[in-house]
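The model shown is predicted, which means the values in this text are computed figures rather than measured ones.
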Amino acid sequence: MQYALRDPVRRASAAQLILLLSGAVLAAGCASSESTQDSAASQAAVVGTWEYKVSGTAPLDQGVFQIANEDGQLRGIIRDRRVGRLRARVDVNDSRLELTLDGLRISGHIEDDQFTGFLRRQEWGVTSRRRTDRRARSQFRSASFYAKRVQSATAADEPSVLECRSLLREVDDCH
């Protein structure tokens, strides 16, 4: 008699399990398409040309950075007044933006075409016993970073001030 009671319970729980799995697969499919749309919206929110300024003592000062979508990957180019041109790895998640370049990390949030965050030295977990290294490191740990988008995604597809200027010039007195 005990087996007769267990058998319907097993069948009911198996049916519930199948229903539960079907619902989970359906929900995962919907979530996947929503996350793709969210990802595309996040990328569109960062693609373009941005003017930035760093407050405090830091390796970067002020300049322009451009983020472009190349084959589904975000790429960044930073042109700093002090340092020059640098390439950056770009990661975006919702309104959070992170640029990684030459031992530095810029991270913060975007709202209404404005980016507010911090510029920090990347931590590598390597320690040094030399005093000169500790003093040089203590001069810069973090600085405020502010940027404003000056060109949106559509205008960013055209050549920008970050690219090399043409050496060819037109002259009016050519015959």
Side-chain angles (χ1 to χ4, degrees), residues 28-126 133 135-174:
C30 292
S32 174
S33 68
E34 285 177 10
S35 69
T36 303
Q37 290 172 351
D38 289 346
S39 175
S42 295
Q43 286 188 3
V46 299
V47 171
T49 303
W50 300 75
E51 289 181 351
Y52 71 88
K53 185 169 182 155
V54 179
S55 299
T57 304
L60 300 180
D61 182 34
Q62 69 180 28
V64 177
F65 67 90
Q66 182 178 29
I67 299 174
N69 188 336
E70 297 175 4
D71 302 324
Q73 291 282 346
L74 291 175
R75 305 276 185 222
I77 298 173
I78 297 176
R79 184 149 205 89
D80 186 73
R81 180 174 75 167
R82 183 183 303 150
V83 179
R85 185 176 182 210
L86 304 166
R87 291 185 184 263
R89 190 181 85 219
V90 180
D91 295 308
V92 64
N93 186 3
D94 292 330
S95 67
R96 182 161 179 75
L97 173 63
E98 185 171 290
L99 303 168
T100 308
L101 57 134
D102 289 345
L104 299 173
R105 184 176 56 217
I106 302 165
S107 59
H109 293 277
I110 296 173
E111 187 175 333
D112 299 326
D113 286 340
Q114 295 183 13
F115 174 69
T116 306
F118 290 95
L119 170 66
R120 294 183 177 101
R121 186 175 305 280
Q122 283 186 309
E123 297 295 327
W124 298 103
V126 177
D133 286 349
R135 272 185 270 150
R137 225 172 145 221
S138 67
Q139 290 176 0
F140 168 70
R141 291 187 185 193
S142 173
S144 296
F145 190 95
Y146 172 78
K148 183 173 178 138
R149 184 157 56 173
V150 293
Q151 279 186 327
S152 66
T154 54
D157 293 335
E158 298 181 18
S160 73
V161 295
L162 295 176
E163 300 303 319
C164 297
R165 293 185 180 124
S166 174
L167 295 175
L168 301 174
R169 302 281 186 248
E170 275 190 49
V171 178
D172 291 337
D173 43 322
C174 290

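Among residues at least two apart or in separate chains, there is no salt bridge (Lys or Arg N to Asp or Glu O under 4.0 Å) pair with a member in residues 42-54. Listed by first and then second residue, the salt bridge (Lys or Arg N to Asp or Glu O under 4.0 Å) pairs that reach into residues 108-120 are D113-R149, sequence neighbours excluded. Pairs engaging residues 81-116 under the ring-ring contact (aromatic ring centres under 6.0 Å, His included) rule: F115-F145 [sequence neighbours left out].
S142 has its side chain out of reach of L119: every pair of non-hydrogen atoms, C-beta onward, lies at least 4.5 Å apart. I106 is listed as a side-chain neighbour of I78, based on a closest heavy-atom distance under 4.5 Å.
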After noting the C-alpha distance and the side-chain angles of V150 and V64, does the key distance pass the side-chain contact (heavy atoms from CB on, under 4.5 Å) rule? CA-CA 9 Å; V150 293; V64 177; 5.7 Å; no
Test side-chain contact (heavy atoms from CB on, under 4.5 Å) on F65 and D80 and set out the steps. CA-CA 8 Å; F65 67 90; D80 186 73; over 6 Å; no
Could you walk me through whether I77 and R85 pass the side-chain contact (heavy atoms from CB on, under 4.5 Å) check? CA-CA 7 Å; I77 298 173; R85 185 176 182 210; 3.2 Å; yes
Go through it in stages, so that I can follow the logic: the residues are L97 and W50, the test is side-chain contact (heavy atoms from CB on, under 4.5 Å), and I'd like the CA-CA distance, side-chain angles, deciding distance and then a yes or no. CA-CA 13 Å; L97 173 63; W50 300 75; 5.6 Å; no
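With sequence neighbours excluded, the residues that form a salt bridge (charged side-chain N to carboxylate O under 4.0 Å, His left out) with D61 are R81, R82. In terms of the side-chain hydrogen bond (donor to acceptor under 3.5 Å, both in side chains) criterion, R96 has no residue partners (sequence neighbours excluded). Residues satisfying the side chain to side chain contact (heavy atoms under 4.5 Å, CB included) test with S144, not counting sequence neighbours, are S55, F118. Residues that satisfy the side-chain hydrogen bond (donor to acceptor under 3.5 Å, both in side chains) test with D102, not counting sequence neighbours, are absent from this structure. Qualifying side chain to side chain contact (heavy atoms under 4.5 Å, CB included) partners for A45, counting only residues two or more places apart in sequence or in other chains: none.
Checked by atom type, the side-chain pair E98/S107 shows no donor-acceptor distance below 3.5 Å.
Across all non-hydrogen atoms, the minimal contact from A88 to L99 is CB-CB, 4.4 Å.
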